[in-house]
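First up is the structure itself, then whatever we jot down about it.
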Amino acid sequence: MQAPVFISVAIVLIVGSFHAHRNAMKDALIIFDTTLRDGEQSPGASMTQEEKLRIARQLERMRVDVIEAGFPAASPGDFDAVRAIAGAIRESVVCGLSRASLQDITRAGEAIAPAARKRIHTFIATSPIHMEKKLRMTPDQVVEQAVKAIGWARQYTDDVEFSAEDAGRSEIDFLVRIFEAAIRAGAGTINVPDTVGYNIPNQYAATLRTLIERVPNADKVVWSVHCHDDLGLAVANSLAAVVAGARQVECTINGLGERAGNASLEEIVMAVHTRADVFPVQTRIDTTQIVPASRLVSQITGYPVQPNKAIVGANAFAHEAGIHQDGVLKSRETYEIMRAEDVGWSANKLVLGKHSGRNAFRARLQEIGIEVSSEEQLNAAFARFKELADKKHEIFDEDLHALMRDETLTPELEHFRLISTRFHSETGETPNAEVTLSVGGKETRSQAVGSGPVDAAFKAIETIAKSGGQLLLYSVNAITTGTDAQGEVTVRLARDGRIVNGQGADTDIIVASAKAYLNALNKLHAGSERLNPQL
């Protein structure tokens with residue numbers, strides 16, 4: 001009578017062994033994250049070195065294979081940030097981007113020097129319009145320069161990636177020629193970027209397939225793709241390329257990036273994870289770290305995640321329709337193809353309250369990737385945490401990220417600091433605001449009226465700062481749920497062609513607004529010029 005049980009167990013073991021063998025046979029898909037380089041090129045998304053370190057540590061925690069930490073030649077600040085990340089990250093490859101010039105590559109090589117695993121990513125344009133209009137070089141000169149660049153890069157690391165900028169609009173014969181030369185020169189990864197988001201999936205897949213078939217020694221390198229979302233096809237193009245043979249995808253958290261953005265890391269990873277029947281690859285990503293990474297990047301850059309964003313949007317696993325709710329209650333698989341907890345939605349539960357001590361506070365900061373540099377900084381942060389806990393009964397990870405943003409500011413980034421505020425708004429009366437600021441260490445007070453208390457606060461600040469900045473964006477988002485939630489305000493300012501985002505958080509929206517405006521002013525005051533390469 002026990003025989004069916006033994007047979008069932010045997011079948012389960014055989015099926016389990018088959019699935020394990022099938023996964024073992026799959027190729028690895030390398031996840032190359034460029035949030036810290038291409039993502040930072042979103043208008044106003046520039047980050048401080050400390051903010052970049054926090055994101056880099058979260059990417060490493062998520063087991064991202066390659067972290068493109070920045071473009072070292074862009075500015076001294078970019079160089080320092082890449083070098084700091086190279087010194088802090090041990091598991092992921094740390095990559096620096098460079099144009100195909102000796103000066104750029106030297107800076108990249110010096111910046112990534114401390115890394116345990118390092119890569120230089122060098123590029124040159126290959127489309128006819130770019131070679132003629134931008135580079136003013138002949139095809140022969142472009143190939144020659146690419147070969148030189150790879151040779152220079154190999155003096156710093158054996159891991160060299162070569163990209164043909166605007167490959168999506170390049171002639172296939174020329175791509176075959178330059179990639180053959182790049183492989184012969186020692187490039188280990190060949191990237192085929194759709195720089196302007198021009199391609200469509202079947203076309204892009206055909207390009208990858210043709211290159212892999214025609215380029216000599218194509219099997220000796222990793223083929224990579226980097227897609228932009230100008231036509232909303234970055235993820236589709238990337239996945240089509242994977243089916244065609246690409247084994248590295250360059251992407252960003254939340255799809256952040258130049259113009260319409262890049263392929264979204266979370267969408268690429270979960271598509272491969274969910275549709276294992278379609279994709280002959282697997283990633284090593286810890287998917288439970290996806291939502292924490294998304295929230296961290298959103299809070300640091302000031303780019304909120306739209307509620308209906310796939311995977312990480314607030315509505316991604318919400319069901320409004322009654323028939324859907326009924327189906328999910330009976331069997332989750334009726335309308336959900338992924339589990340919310342698999343991407344980290346269950347990770348951000350209540351962690352601390354007003355009775356939590358300093359050790360618990362410090363431990364939780366470390367768990368969410370925030371390192372406190374000194375006891376003095378910890379004490380100041382803990383004091384602010386206690387103040388927040390008196391106003392807000394439940395403290396979540398998102399609250400801690402917002403709280404620590406101000407604590408990690410360096411003195412040179414706090415030329416303007418909020419000391420106190422007073423606002424008055426009453427029906428039938430003109431709203432007014434009084435702010436007291438520290439400006440370069442000197443206390444100054446100002447009053448102003450406005451169409452509302454926020455408008456009055458901004459005008460009072462401008463009376464002191466006289467920045468000449470133009471307000472491009474003002475948005476408010478609740479960090480967590482509940483009427484006692486902190487409001488997170490994003491302010492985008494522009495001046496002389498430079499755009500910055502400022503963020504501020506507080507249980508009082510007007511105070512949060514003043515903090516956000518001052519945060520943006522500090523970035524304008526401290527900002528240095530940097531180059532933004534297209535790729």
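Along the sequence shown, residues carry numbers from 1. In this text, all values refer to a predicted model and were calculated from it rather than measured experimentally.
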Interatomic spacing from CG in Asp173 to OG1 in Thr210 - rounded to 0.5 Å: 10.5 Å

Criterion salt bridge (charged side-chain N to carboxylate O under 4.0 Å, His left out) on Arg259 and Asp230, from CA distance to verdict: CA-CA 7 Å; Arg259 303 184 313 279; Asp230 298 72; 2.8 Å; yes

Min side-chain heavy-atom separation Val221-Asn217 under 4.5 Å: no

From OG1 (Thr252) to CD1 (Ile268), nearest 0.5 Å: 10.0 Å

Between Gln503 and Glu488: side-chain donor-acceptor atoms closer than 3.5 Å: no

Step-by-step side-chain contact (heavy atoms from CB on, under 4.5 Å) determination, Arg117 to Asp159: CA-CA 9 Å; Arg117 304 170 64 200; Asp159 188 350; over 6 Å; no

Lys NZ or Arg CZ of Arg99 over Phe71 ring: under 6.0 Å, within 45°: no

Derivation of the salt bridge (charged side-chain N to carboxylate O under 4.0 Å, His left out) call for Glu180 and Arg184: CA-CA 6 Å; Glu180 177 184 4; Arg184 194 163 53 241; 3.4 Å; yes

Worked check of side-chain contact (heavy atoms from CB on, under 4.5 Å) between Val64 and Leu265: CA-CA 10 Å; Val64 162; Leu265 179 147; 4.2 Å; yes

Nearest heavy-atom neighbours spanning Cys251 and Ala263: CB-O, 3.1 Å

Test salt bridge (charged side-chain N to carboxylate O under 4.0 Å, His left out) applied to Asp455 and Lys459, step by step: CA-CA 6 Å; Asp455 183 46; Lys459 286 177 177 175; 3.2 Å; yes

Lys/Arg-Asp/Glu bridge criterion (N-O < 4.0 Å) met for Lys148, Glu144: yes

Backbone of Val192 reached by a side-chain donor or acceptor of Trp223 within 3.5 Å: no

Least distance between heavy atoms, Ile112 atom then Val94 atom: CG2-O, 4.1 Å

Min side-chain heavy-atom separation Ser467-Arg495 under 4.5 Å: yes

Check against side-chain contact (heavy atoms from CB on, under 4.5 Å), Trp152 and Ser98: CA-CA 11 Å; Trp152 293 327; Ser98 70; over 6 Å; no

Close side-chain approach of Val66 and Glu161, heavy atoms under 4.5 Å: no

Ser294 (side chain) donor-acceptor with Ile290 (main chain) under 3.5 angstrom: no

Nearest-0.5 Å distance that lies between atom CG in Leu471 and atom CG in Leu493: 6.0 Å

Ser298 side-chain N/O to Tyr303 backbone N/O, donor-acceptor pair under 3.5 Å: yes

Verdict with reasoning, Lys52 to Ile85, per side-chain contact (heavy atoms from CB on, under 4.5 Å): CA-CA 8 Å; Lys52 289 184 178 183; Ile85 292 168; 4.0 Å; yes

Side chain proximity check, Ile253 to Met62, heavy atoms < 4.5 angstrom: yes

Whether over 12 other heavy atoms sit under 6.0 Å from Glu171 CD: no

Closest non-hydrogen atom pair, Ala240 against Ala205: O-CB, 3.7 Å

Expected output: side-chain Gln145 to main-chain Ala100 donor-acceptor under 3.5 Å: yes

Flag side-chain contact, heavy atom, 4.5 Å: Leu524 against Arg498: yes

Salt bridge (charged side-chain N to carboxylate O under 4.0 Å, His left out) evaluation trace for Glu110 with Arg83: CA-CA 8 Å; Glu110 292 171 349; Arg83 191 168 179 84; over 6 Å; no

Aromatic plane relationship, Phe179 with Phe162 - under 30° parallel, 30 to 60° tilted, over 60° perpendicular: perpendicular

Shortest non-hydrogen contact from Ser224 toward Thr189: CB-CG2, 3.9 Å

Residues Arg37 and Asp78 bridged, charged N to O under 4.0 Å: no

Asp33 and Thr35: side chain donor to acceptor below 3.5 Å: yes

Arg63 to Ile285 - nearest heavy-atom pair and separation: O-CD1, 3.5 Å

Nearest non-hydrogen partners of Met270 and Met338, listed with the distance: CE-SD, 3.7 Å

Side-chain donor or acceptor of Asn501 paired with backbone N/O of Thr301 under 3.5 Å: yes

Heavy atoms from other residues, nucleotides or ligands near CD of Glu91 exceed 12 (cutoff 6.0 Å): no

Over 12 non-hydrogen atoms of neighbours within 6.0 angstrom of CZ in Arg90: yes

Distance (rounded to the nearest 0.5 Å) between Ile89 CD1 and Ile67 CD1: 4.5 Å

Asn522 side-chain N/O to Leu518 backbone N/O, donor-acceptor pair under 3.5 Å: yes

Ion pair Glu267/Lys309, N-O distance below 4.0 Å: yes

Donor on one side chain, acceptor on other, Ser264 and Glu266, under 3.5 Å: yes

Any donor-acceptor pair under 3.5 Å from Thr195 side chain to Glu165 backbone: no

Side chain to side chain, Ile172 and Arg214, heavy atoms closer than 4.5 Å: yes

Within 6.0 Å of CD in Gln103, more than 12 heavy atoms from elsewhere: no

Flag if over 12 foreign heavy atoms under 6.0 Å of CG, Asp219: yes

Interatomic spacing from CG in Leu211 to CD1 in Ile190 - rounded to 0.5 Å: 10.0 Å

Greater than 12 external heavy atoms within 6.0 Å of Phe174's CZ: yes

Side chain proximity check, Phe123 to Pro193, heavy atoms < 4.5 angstrom: no

Interatomic spacing from OG in Ser92 to CZ in Arg119 - rounded to 0.5 Å: 11.5 Å

Donor-acceptor under 3.5 Å (Gln58 side chain, Gln289 main chain): yes

Asp65 side-chain N/O to Ile30 backbone N/O, donor-acceptor pair under 3.5 Å: no

Backbone of Ser170 reached by a side-chain donor or acceptor of Ser127 within 3.5 Å: no

Check: Asp342/His273 side-chain N/O donor and acceptor closer than 3.5 Å: no

Any side-chain heavy-atom pair of Ser513 and Val491 under 4.5 Å: no

